Amino acid sequence: MFQQAAGLTARVVPRLSPTRPRLRAAIALFACAVAASTAAGQDRPLAADFPEVYRAGGTDAPDWALFTNPGPAGFDGSGNLYVLDADAPQVAIIGPDGQPVMVVGRAGEGPGEFDLPSNLVVWRDGHFAVLDAGHNAMHLFGPDGWFQRMVRWSTQPGNPFAMFAQTGRVMRPDPNGSGIYAQGARAAMGDLIGAFDELAGAQPQPRAGVDERGVERIDLSGDVVAAETVAEGWRAPRRQPVDRITADDLRGNAGLARAASALMFFEPEFHWDILPDGMIAYSDSSAYLVWIARNRQVRDVIRRPIQPEVVNDGIRSAMIEWEIDQLRRASEQRNAAVDDPELRAAMSDLDESRRERVESREFFGEVPVIRSIRAGWDGVLWVQRRGEEPWDDEGPIDVFGRDRQYLGTFPAGATKMPLAFGPDGLVAFWEVDELDVPTLVVKRLPVELR
């Protein structure tokens, strides 16, 4: 029953480092595993004709399913799907039959009420948590939807950037406990926080934990979160030093432009997910390598003989042109919504600064192959590759079984990477119509792809 609950031409691979336990002994493990772990170079096509189970949302949806934006979602062990609508703000819980179970939360300043919710974590037993930047905390709820308690992040209060430090972090439930696994906050965000502290005359706080190239296990048992590093990825070397964001940048409205310039074109990103046995699968280089690790030690590796493309002058020119076009489109959309001439002028100056920095940004020497990694409910691993264009993240999706053996590939465009995996093969996707109205679509995978 529906309820309302309260509320660079050479192949680049990670190097071994004594500070990160990529033990040199692992080389022998990888060499022995090549025959078993290296899949054939030719793709084995998979069909993506998954049967549809139900839909929720769209223009004619009931109030509980009038989703405003495609937000995060997760399944529990009973097949219930939890969906965060940050604008409502609320969490809609949908049963395996597509019918509403309850809606949890509302806007407010009290316990269990949401200010700026941005992420959602769902455990298999039905407990769930909502990351709320406005409260600088995680709201914890029981399987019945009732608020249990709040756990705060240990960021410095009073800093307007601090409450957004956790926003955008990939978070997953601990499959063997009540904590969560979370990717570190972006280094540029840490710079912004420190620059604001400097501008406000406060003592900058030392950066704690890992940045976006690592994973922490977050303990939620206390009043304030406690983090332990469980995986750290390799960082590509740079020829140009990274300019740190300072208080002077904020005074001159250049902080965001400088943060964007700190990125390197084609710098290998850190992609990861948590497997049901607690192992972390991650990629951190331009090569087709997926490390399987526990307690910061690599236990296995998945690879395919698909080589990254070397960056040449043509790719450099095309990438710069594409990035500048993205800036232009964003500027046009923003200007259409801003009436204040002074604000438009200030944003125009910022756009010009960002354009100049795009043209001078450094390039990594290869176009990374892997663009996304997701772990299925039963441990099957989905790995998405780049598309035809170097900036295209929506390429083919390779699938590996629980034994790490290659099962096949969904051709580009055949299916998107699932938003969430659930029991009995349930998977959720967002679809957006021509009016940008989102619909949640739940399908069922065949046994071998779960």
Side-chain angles (χ1 to χ4, degrees), residues 67-72 86-87 116 118 133-134 159-169 185-193 195-196 199 212 238 240 242-267 269 311 313-364 367-368 371-372 386-394 416 430 432-438:
F67 305 117
T68 53
N69 289 296
D87 290 343
L116 289 172
S118 62
N159 188 321
F161 292 110
M163 67 181 181
F164 295 108
Q166 315 306 329
T167 301
R169 298 176 69 178
R186 289 197 171 273
M189 181 59 72
D191 289 344
L192 279 172
I193 293 172
F196 182 88
L199 188 66
E212 71 273 16
R238 302 187 64 149
Q240 302 175 8
V242 177
D243 293 332
R244 315 310 303 188
I245 302 168
T246 67
D248 289 338
D249 294 323
L250 296 184
R251 293 187 186 98
N253 296 321
L256 293 178
R258 189 177 292 276
S261 71
L263 300 174
M264 180 166 52
F265 279 126
F266 302 130
E267 180 173 6
E269 295 186 3
V311 175
D313 290 342
I315 290 177
R316 289 188 185 92
S317 298
M319 188 67 220
I320 291 173
E321 181 179 350
W322 181 84
E323 185 76 6
I324 289 175
D325 185 61
Q326 299 305 299
L327 291 176
R328 179 187 59 79
R329 291 171 182 267
S331 176
E332 290 175 351
Q333 291 178 357
R334 185 198 63 237
N335 288 338
V338 174
D339 296 327
D340 188 337
E342 292 185 2
L343 179 57
R344 276 193 178 187
M347 297 304 294
S348 178
D349 290 342
L350 178 60
D351 289 340
E352 182 60 29
S353 176
R354 295 181 68 179
R355 177 191 171 96
E356 292 174 357
R357 291 181 180 276
V358 164
E359 293 174 339
S360 63
R361 271 169 63 181
E362 184 177 348
F363 276 82
F364 187 67
V367 181
R371 301 301 171 92
S372 181
R386 55 162 284 194
E388 288 293 327
E389 300 294 346
W391 51 81
D392 183 3
D393 294 335
E394 303 293 332
K416 294 182 178 180
W430 280 115
V432 180
D433 65 17
E434 63 277 3
L435 299 176
D436 292 331
V437 178

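Quick note: numbers below take in every heavy atom, side chains included, and nothing from hydrogens, waters or symmetry partners. This is a predicted model, so every value here is computed, not measured.
The neighbour count for D339 CG, taken as heavy atoms of other residues, nucleotides or ligands under 6.0 Å away, does not exceed 12. Atom CD of E388 sits in a sparse spot, with 12 or fewer heavy atoms from other residues, nucleotides or ligands closer than 6.0 Å.
The shortest non-hydrogen separation linking D313 to R316 is OD1-NH1, 3.0 Å. Contact between P72 and S118 at its shortest, heavy atoms only, is CG-O, 4.2 Å. Nearest heavy-atom pair, G134 versus L116, reported as atom, atom and distance to 0.1 Å: N-CB, 3.6 Å. Closest non-hydrogen pair, F364 versus M264, comes out as N-CG, 3.6 Å. For the pair K416 and W430, the tightest heavy-atom approach, listed with the atom from each and the gap, is NZ-O, 3.9 Å.
Atoms CZ and CD, from R361 and E356 in turn, are 14.5 Å apart once rounded to the nearest 0.5 Å. Taken to the nearest 0.5 Å, the CG atom of D325 stands 13.5 Å off from the CD1 atom of I320. Taking CD from E359 and CD from E323, the interatomic distance works out to 11.5 Å, rounded to the nearest 0.5 Å. Annotation: the span from E212 atom CD to E269 atom CD amounts to 9.0 Å, rounded to 0.5 Å. Annotation: the span from S331 atom OG to R354 atom CZ amounts to 9.5 Å, rounded to 0.5 Å.
One N or O on the side chain of D392 and one on the backbone of E394 form a donor-acceptor pair closer than 3.5 Å.
Looking at S317 and E321, their side chains never come closer than 4.5 Å, going by heavy atoms from C-beta outward. Under the 4.5 Å side-chain criterion, counting only non-hydrogen atoms from C-beta, V311 is not in contact with F265.
Sorted by first then second residue, the ring-ring contact (aromatic ring centres under 6.0 Å, His included) pairs that include residues 313-335, not counting sequence neighbours, are W322-W391.
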